[in-house]
Structures are given as C-alpha cells and as structure tokens.
Amino acid sequence: MQPTLYITPTPIGNYDDITLRALKILNEVDIIFCEELKPANRLLAHFKISKELISLNEHNEREIAGDVISKIIEDGKSAALISDGGTPLFSDPGHYLVELCILNKIKIVPLPGANSLLPALVSSGFDIEKFYYYGWLSPKNEIRKQEFQKLKKFKELIVILETPYRLKKILTDVITFFGANQKIVLAYKLTMPEEQIFRNTTSNILKIVNEKNLKGEFVLLVDNR
C-alpha cells in the first residue's frame, strides 16, 4: 500500500454497522490513529485485528502528528484514522493530521460509514432537503445561551449533537428560546438496543425524558422553519 491516510468510520454503538471496506483497511494499514486507546482496543479485539495504535487527541495531536507523518513518508507506511465512534473529524481530533498529510502530499482516502447525523435525519419525518448542521453546543451556560440566541434566527431545520449528560439542559434551553410547543425530533441512542426516535413538542419530550430519566448520546432536530 502506498503512503495513505484512510479516514475510517467505526460503529456508533452496534458493531454490525462496520463496513467490509473498513475492516479490510484496518487489517491492511500499518498504523491506526485513534481518539482513545480503550474503545479502539475493544473495537479491534472484537474483530480480531492486531495493529499499532497511536492515541491522537486534542492534547497531543500537534506533538505526535509530525513525527508519525515523517515515519509514514520515510517508511512508505499507511495509516487509518478512527474516532471513538462514527465518522472521524466531527468535533474529534485529526484535523491537524489531515492538514499535514495534505501539505506532504500523502494520499487521503475518506471511507463512507457509520454516523449519527443521517439516521436521525431520515427517520425524523421532517423535510430534510435542506438543513443547518450546528453540531455540539458549548458546555458553558452563558456561551450556550448566546448560541441558542443565534440559532433562533435561522429559519431552518437545525441539527444539534450532544453528550448524554446535557440532554435535559438542552431540552430546557430549547423551551426557553424556541417555546414549549416547538416541534423537535430526538434521536436517542441510535443503533443501540435502547434506540428510540421521539417526535413531538419539546415540552412533551422533556416530560418523557424526566419520567424515564433518559441518559444517552442523542441527535436533536429543531424544525425552526
């Protein structure tokens, strides 16, 4: 294999969602860049793959990426970039690594695969021909309020991703800025056994979340059109 970086999606919850092509690449590359070692080791062990793993995160990316890029060029090696789950580079490390590959004329091959964005959209029942992807909101209350004030001005279908621990806070913020009767879709724990797609007003969905004390990864769609 010529020196190449493969941007390789991994399952977001269900290991059956990995593609045959991703498995082929993970078996063939010399190095795998991962976000965290623990989930990466668990994934590779599940598929009986043994490879050199290099943890690449927001704290060490600039320190490590340059040395590894030199190794890839000098030794003619190939590498895969994976995240803890889903398609890499969406609010994940790896941007500097990709930038270095482009500067050093290392081939970059993006693989299609698992993500939470498209399943949430296609199952929503909303018109999804056009949408505004915002991604992750700030964990800081004041900054998040400013973000919501900005989002309220966009008369679009708005897509927000969040961590399990802020589900109730985010829904409460949506009520504050968009109103209790705002139509939303909450795609909860996609691909996992507990997966649920809630389609209702924000106040009704928040009531369910509180009653069931739901905590899990989610995608939130706010139809502000």
Side-chain angles (χ1 to χ4, degrees), residues 4-69 71-72 77-101 108-120 135-140 160-170 187-196 213-219:
T4 306
L5 177 69
Y6 294 88
I7 301 174
T8 310
T10 55
I12 59 175
N14 188 329
Y15 280 164
D16 289 345
D17 289 334
I18 199 163
T19 67
L20 294 175
R21 187 180 177 198
L23 287 175
K24 180 176 182 291
I25 292 301
L26 293 177
N27 271 294
E28 290 181 352
V29 293
D30 302 293
I31 300 166
I32 298 176
F33 293 103
C34 63
E35 190 174 353
E36 299 292 340
L37 290 172
K38 189 174 180 180
N41 275 314
R42 191 162 53 237
L43 173 77
L44 296 185
H46 180 82
F47 292 108
K48 298 179 172 57
I49 298 172
S50 178
K51 290 289 172 177
E52 178 184 359
L53 278 174
I54 297 176
S55 177
L56 196 77
N57 54 54
E58 65 272 19
H59 304 296
N60 69 4
E61 182 174 1
R62 288 188 172 271
E63 178 184 343
I64 288 177
D67 292 338
V68 180
I69 287 296
K71 186 177 180 182
I72 289 174
K77 293 184 178 294
S78 293
L81 172 65
I82 64 173
S83 69
D84 287 347
T87 299
L89 301 172
F90 277 92
S91 295
D92 290 328
H95 294 274
Y96 182 64
L97 175 68
V98 170
E99 181 184 332
L100 284 182
C101 286
I108 297 174
V109 178
L111 275 62
N115 65 83
S116 59
L117 176 63
L118 291 178
W136 275 263
L137 293 158
S138 173
K140 297 181 179 179
I160 296 169
L161 308 183
E162 256 302 346
T163 58
Y165 313 105
R166 287 196 288 272
L167 175 53
K168 295 176 185 178
K169 283 185 179 180
I170 296 301
Y188 175 78
K189 285 196 172 184
L190 288 169
T191 79
M192 302 179 193
E194 304 92 342
E195 173 183 294
Q196 293 188 71
N213 195 29
L214 298 180
K215 290 180 182 177
E217 298 283 348
F218 65 93
V219 181

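For the single chain, residues carry numbers from 1 onward in sequence order.
Among all heavy-atom pairs drawn from S83 and G86, the shortest one is OG-O, 3.4 Å. K189 approaches K215 most closely through the heavy-atom pair CE-O, 3.5 Å. When all heavy atoms of G85 and T10 are compared, the closest pair comes out as CA-OG1, 3.5 Å. The shortest heavy-atom contact between F33 and L5 is CD1-CD1, 4.2 Å. What you find for N115 and G113 is that their closest heavy atoms are ND2-O, 3.2 Å. Smallest separation of non-hydrogen atoms from W136 and F90: CZ3-O, 3.7 Å.
Annotation: side-chain hydrogen bond (donor to acceptor under 3.5 Å, both in side chains) contacts of K24 (sequence neighbours excluded): E28. Checked against salt bridge (Lys or Arg N to Asp or Glu O under 4.0 Å), K38 has no partners two or more places apart in sequence or in another chain. For P39, the side chain to side chain contact (heavy atoms under 4.5 Å, CB included) partners are E36, R42, D84, not counting sequence neighbours. For S116, the side chain to side chain contact (heavy atoms under 4.5 Å, CB included) partners at least two apart in sequence or on another chain are I12, L161, L190, V219. Residues satisfying the side chain to side chain contact (heavy atoms under 4.5 Å, CB included) test with K48, not counting sequence neighbours, are none. With sequence neighbours excluded, the residues forming a side chain to side chain contact (heavy atoms under 4.5 Å, CB included) with I49 are L23, L26, N27, L44, F47, K51, listed by chain and number. Residues satisfying the salt bridge (Lys or Arg N to Asp or Glu O under 4.0 Å) criterion with E99, sequence neighbours excluded, are absent altogether. For the side-chain hydrogen bond (donor to acceptor under 3.5 Å, both in side chains) test, residues two or more places apart in sequence or in another chain that qualify with E162 are R166.
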Pairs of donor and acceptor atoms involving the side chains of residues 14-22, under 3.5 Å and at least two apart or interchain, shall be tabulated with distances.
| from | atom 1 | to | atom 2 | distance (Å) |
| --- | --- | --- | --- | --- |
| N14 | OD1 | D16 | N | 2.9 |
| T19 | OG1 | A22 | N | 2.9 |

Check residues 53-65 and write down every donor-acceptor pair under 3.5 Å in which the side-chain atom is one partner and the other belongs to a residue at least two apart or another chain.
| from | atom 1 | to | atom 2 | distance (Å) |
| --- | --- | --- | --- | --- |
| S55 | OG | E35 | O | 3.1 |
| N57 | OD1 | H59 | N | 2.9 |
| N57 | OD1 | N60 | N | 3.1 |
| N60 | OD1 | N57 | N | 2.8 |
| N60 | ND2 | S55 | O | 3.1 |
| E61 | OE1 | G94 | N | 3.2 |
| E61 | OE2 | G94 | N | 3.1 |
| E61 | OE2 | H95 | N | 3.3 |
| E61 | OE2 | Y96 | N | 2.9 |
| E61 | OE2 | L97 | N | 3.0 |

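Once rounded to the nearest 0.5 Å, the distance linking CD1 of I72 with CD1 of I31 reads 5.0 Å. Note that CG of L111 and OG1 of T8 are 5.0 Å apart. Values are rounded to the nearest 0.5 Å. Taking CD1 of I32 as the start and CD of E52 as the end, the distance is 9.5 Å to the nearest 0.5 Å.
D92 places no side-chain N or O within donor-acceptor distance of the main-chain N or O of P88, the cut-off being under 3.5 Å. Remark: side-chain polar atoms of T4 are not paired, donor with acceptor, to backbone N or O of A79 under 3.5 angstrom. In this structure, the side chain of D30 engages the main chain of S78 through a donor-acceptor pair within 3.5 Å.
Side-chain contact between L100 and V68 is absent, with no heavy atoms from C-beta onward closer than 4.5 Å. The shortest side-chain heavy-atom distance between Y6 and V29 falls under the 4.5 Å cut-off. The shortest distance between side-chain heavy atoms of T87 and L117 does not fall below 4.5 Å.
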